[in-house]
Amino acid sequence: MGEDVAKHEFTREDRTRYRTKVRRCLDVFARMLREARFDFERPMTGLEIEINLIDENCDPAMKNHEALDVIDDPDFVTELGQWNIEINVAPRRLAGGGITSFEETVRRSLNSAEEKARAVGAHMVINGILPTLRTKDISPELLSGNPRYALLNEQVLAARGEDLQISIDGVERLHLTASSIVPEAACTSTQLHLQVSPEQFPAYWNAAQAIAGVQVAVGANSPFFLGKELWRETRIALFQQATDTRGDELKAQGVRPRVWFGERWINSIFDLFEENVRYFPALLPICDDEDPLAVLDKGDTPTLSELKLHNGTIYRWNRPVYDVVRDRPHLRVENRVLPAGPTVVDTLANAALYFGLVRALAEDERPLWSQMSFQAAEENFNAASRNGMDAQMYWPGVGTVPVVELVLRRLLPLAHEGLIRWGVDSAERDRLLGVIEQRCLSGVNGATWQAREFHRHYDHTHMDRSDALRTMLRTYVDLMHANEPVHTWPLT
C-alpha cells in the first residue's frame with residue numbers, strides 16, 4: 001500500500017505530474033537493469049505475517065493501536081482494519097538454519113506480543129479470515145487510524161464510482177454490498193520474500209506462478225467469512241473483490257483487476273513493472289523531489305519512490321519488488337498467495353515447500369512454463385482456492401490429478417532438491433516437508449479442520465452458528481499456541 005502518506009486531495013495536475021514521474025522512473029529502472037546495478041551475491045529471504053486480534057469471547061478486538069502501544073516492538077506494525085496487525089521478520093539466508101531461525105523468532109515474538117496485548121484485552125490469532133467477523137465489524141469507521149488507509153479507501157471508491165459488490169458462491173453463498181474497502185482487512189496472509197538477480201527473476205517469478213495453486217490447496221485456511229462457509233481459501237476471492245476499482249462495464253471491456261494473477265509468462269522483471277504502468281491508473285499520485293536520472297548519473301541509487309508506490313497499489317499474487325537497502329538496490333519476488341496460520345510450524349512448512357519448489361523449477365533445464373500454458377496455472381490457482389485439498393490440478397507429464405497425489409509423488413522430491421541447493425540441512429528439510437507430506441496423507445489443512453470442527457458443533461449440538469464458530473475458534477487458538485501442526489489437531 002506504499003508508505004505513510006499525508007496528502008488527502010489530488011488535482012488533475014498532480015495526476016499528470018505523477019504519470020510523467022512514474023514513466024521517468026520506469027526508464028531509469030530499465031537502464032539500471034541494463035547496467036547490472038543490483039545486489040544479489042548473498043540472497044536473503046523475508047517473512048511477513050498478518051495477525052487478527054480477538055477478545056475473550058473470540059470476537060474481533062478493535063484494538064490494534066492499543067495493542068501496538070503495549071507490544072512496543074518495531075517489528076509489529078498496523079494493518080488495514082482495527083483488528084489487524086502485522087509482524088515483519090528480519091530477513092536472513094536459508095542456509096545454516098535460516099528456516100528454523102525464522103520459526104524461533106516468530107514464536108518468540110508472538111508469545112511476547114500475546115502476553116503484552118492481554119493487558120488491553122486483545123489476543124493473537126493467525127488465520128486467513130477471522131471466522132467470527134460480523135457484518136458490523138466491516139463498517140468504514142473500523143479502518144485503522146493511519147491516514148494512508150482512509151486515503152486508499154477514498155481513492156478506490158472514487159475510481160470505482162459506486163459501492164463494492166462482493167459475491168462468493170461456495171459451500172454456501174454470500175452476496176454483500178460494501179461502502180468501503182474494510183472487507184479487505186478480513187484477508188490476513190503470509191508473505192514470503194525471495195531476493196534474486198535480474199537474470200534469475202523471470203524464472204523464479206514464473207515458477208512461483210506455476211506452483212501458486214499447489215500452495216493454496218495445501219495451505220488453505222480461510223473457509224468462513226461473515227458466518228458463511230464459502231471457498232476453502234475464501235481470502236482469494238474476497239481480496240480481489242474488496243479492492244476492485246472496476247464497475248461491471250469496465251469488467252465487460254476486459255480491464256484488468258488490481259488484484260491480479262497476471263496473463264502471461266515473463267522474460268524480464270521489466271515486463272511486470274511496465275504492465276503496471278501501462279494498465280493501471282494511479283491510486284495515490286504522490287511525487288517526491290528526487291530526479292531519479294540525476295541520482296543515477298551521479299553514481300548513486302535512486303529510490304524510484306513513485307514506481308514503488310504505484311507497484312504497491314497493484315496486488316499481484318506474486319509481486320515484483322524493487323527496494324534499496326544500505327544504498328544498494330535489489331529485486332525480490334514477493335509471494336502473497338498464502339493465508340496466515342494455522343501455526344508457526346505450519347507457516348514455515350509452507351515456506352519450505354515454496355522456497356524448495358521455486359529453486360528446483362527455476363533451475364530446471366527444461367522450464368515448466370515451456371510445457372504448460374499460463375491459463376492452466378491460473379485455472380489451478382482458482383480450483384485450489386475453491387476446493388483446497390480436494391482440488392484437481394493439471395501438471396505437465398502427469399495430466400489432471402488430485403493435488404495431494406501431485407504433491408506426494410512429484411513435488412515433494414523436487415522441494416527436497418531445491419532446499420538442498422539453498423543449503424538447508426536434512427533435519428530441517430525432513431521435519432518441515434514432512435508436515436506437508438502428512439497434510440496430504442491425512443487430507444487435513446487449516447481449512448478442512450476449521451470446517452469439520454464447526455460442523456461437529458453446529459450439526460450435532462444445539463449451538464447456533466455464531467456460538468459454533470466461537471467454540472471452534474477457541475479450540476483453534478489453544479491448538480495454535482501449542483504449535484503442533486494442524487494435521488495432528490484432534491476434533492473435539
Side-chain angles (χ1 to χ4, degrees), residues 25-46 94 191-215 256 259-280 304 307-308 310-312 314-324 328-338 351 353-381 394-396 411 414-415 417-419 421-422:
C25 287
L26 189 63
D27 291 340
V28 169
F29 182 61
R31 177 176 154 189
M32 293 176 72
L33 291 172
R34 291 194 302 270
E35 295 177 358
R37 291 176 175 256
F38 293 90
D39 179 18
F40 56 86
E41 288 83 2
R42 290 174 54 84
M44 305 290 280
T45 56
L94 293 177
Q191 291 134 40
L192 304 172
H193 291 257
L194 179 57
Q195 182 183 350
V196 294
S197 71
E199 293 75 22
Q200 294 171 318
F201 188 96
Y204 276 87
W205 187 85
N206 289 342
Q209 291 287 104
I211 67 167
V214 172
Q215 287 182 270
R256 282 86 172 169
V259 177
W260 196 29
F261 189 80
E263 59 193 17
R264 63 187 176 110
W265 306 118
I266 65 167
N267 298 308
S268 167
I269 186 174
F270 185 81
D271 295 346
L272 301 179
F273 281 101
E274 192 274 335
E275 283 182 348
N276 287 354
V277 173
R278 177 156 44 101
Y279 292 147
F280 298 99
L304 305 184
L307 189 65
K308 287 175 60 180
H310 188 56
N311 187 55
I314 298 155
Y315 308 102
R316 293 178 183 269
W317 293 111
N318 284 291
R319 178 190 273 166
V321 176
Y322 167 89
D323 208 352
V324 180
R328 293 289 302 277
H330 70 259
L331 304 175
R332 303 195 303 269
V333 178
E334 181 189 14
N335 179 255
R336 303 166 51 83
V337 308
L338 287 167
L353 180 68
Y354 169 74
F355 289 129
L357 279 179
V358 293
R359 178 73 182 257
L361 293 174
E363 295 181 353
D364 198 318
E365 291 183 1
R366 188 184 177 197
L368 180 72
W369 42 98
S370 70
Q371 311 166 56
M372 178 181 185
S373 72
F374 195 88
Q375 181 182 6
E378 185 173 15
E379 289 172 355
N380 285 347
F381 182 67
Y394 172 79
W395 199 258
L411 300 187
L414 282 177
E417 177 59 32
L419 291 178
R421 297 180 193 179
W422 284 119

For this session: Enter the distance from F270:CZ to L33:CG here, rounded to the nearest 0.5 Å.
Result: 8.0 Å
Exercise. Parallel, tilted or perpendicular for W369 and W265, by the 30°/60° rule?
Worked result: tilted
Exercise. Using 4.0 Å as the upper bound for N to carboxylate O, is an ion pair formed by R256 and E263?
Worked result: yes
Problem set entry | Short N-O contact, R332 and E334, less than 4.0 angstrom | no
Seminar exercise, completed: Exactly one of W205, Y322, Y204, F29 clears side chain to side chain contact (heavy atoms under 4.5 Å, CB included) with I269, and that residue is F29
For this session: Pick out which of F261, Y394, F374 makes a ring-ring contact (aromatic ring centres under 6.0 Å, His included) with F381.
Result: F261
For this session: Verify the neighbour count for atom CD of Q371: are there more than 12 heavy atoms of other residues, nucleotides or ligands below 6.0 Å?
Result: yes
For this session: Would you check if the side chain of W422 reaches a backbone N or O of R359 as a donor-acceptor pair within less than 3.5 Å?
Result: no
Exercise. So, the side chain of N311 versus the backbone of P320: is there a donor-acceptor pair under 3.5 Å, distance only?
Worked result: yes
Problem set entry | R42 atom CZ, over 12 foreign heavy atoms within 6.0 Å | no
For this session: Take atom CD of E365 as the centre, draw a 6.0 Å sphere, and report whether it contains more than 12 heavy atoms from other residues, nucleotides or ligands.
Result: no
Exercise. Between W260 (side chain) and I314 (backbone), is there a donor-acceptor pair under 3.5 Å?
Worked result: no
For this session: Rounded to the nearest 0.5 Å, what's the gap from CG on L361 to CG on L368? Could you check?
Result: 5.5 Å
Problem set entry | Atom pair CG/CG of L331 and L194 - distance to nearest 0.5 Å | 11.0 Å
Problem set entry | Backbone N/O of I211 and side chain of N380: donor-acceptor pair under 3.5 Å | no
Exercise. Does the Q195 side chain pair with the main chain of M44, one donor and one acceptor, at a distance under 3.5 Å?
Worked result: yes
